[in-house]
Amino acid sequence: MKQNFRIGTGYDIHQLVQNRALVIGGVKIPHNKGLLGHSDADVLTHAIIDALLGVLALSDIGTLFPDNKEEFKNISSLILLEKVYDLILNKGYEINNIDSNIIAQEPKMMPYIPEMKKILAKTLRIEEDLISIKAKTNEKMDAVGELLAIEANAVVLLVRLVVN
Ligand code: ZN
């Protein structure tokens, strides 16, 4: 039995604005601002989705779930993640592991990371220890450092078992 690996990366950024909930990795984080977007603007989940799509060259989240479609308005990004992973499973691949970063100046992400891992693992139906989430600030520089945005990136490795 041979293993066939493929890798993909994803990146996302959303504006931090008033009167929006802050949802990251499926966790609603108490904060005075939230991320602007057509869906729930879950920046980490979007980066993971784009990495998953990138692995098998299946275009990107904006192409698959256009932001002018009413059906995706305020939708939980976890639903989109589940749909995308179903596409991957149908192609015979499964997740080997995910590594990701959230880059936010405020609020502190660390306390919410265990819950994010739990939710993402449950959505993907994989073990929690296959998911790594790290948190960084941007040292007060650029849009993220100036509290205008939150950014995330992710790398996903998929594996396929090949019988021969
Ligand atoms: Zn996004």
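All values derive from a computational prediction rather than experimental measurement. Basis for what follows: all heavy atoms, side chains included, without hydrogens, waters or symmetry-related copies. Note that ligands are numbered from 1 as they come in the structure, with each ligand's atoms numbered from 1 the same way.
The Zn ion (ligand 1) has D12 OD2, H14 NE2, H46 ND1 as protein N, O or S atoms under 2.8 Å away.
Atoms CG and OH, on L52 and Y93 in that order, are 13.5 Å from each other to the nearest 0.5 Å.
For the side-chain contact (heavy atoms from CB on, under 4.5 Å) with I119, the qualifying choice from T45, L78, L124, L81 is L78, the only one to do so.
Side-chain atoms of S132 and D99 form a donor-acceptor pair, as typed in the model, at a separation below 3.5 Å. Side-chain contact annotation: H46 with D12, donor-acceptor N/O pair under 3.5 Å present.
Legend: side-chain hydrogen bond (donor to acceptor under 3.5 Å, both in side chains) pairs involving residues 137-161, not counting sequence neighbours, sorted by first then second residue: N101-N153.
Other residues, nucleotides and ligands contribute over 12 non-hydrogen atoms within 6.0 Å of the NZ atom of K33.
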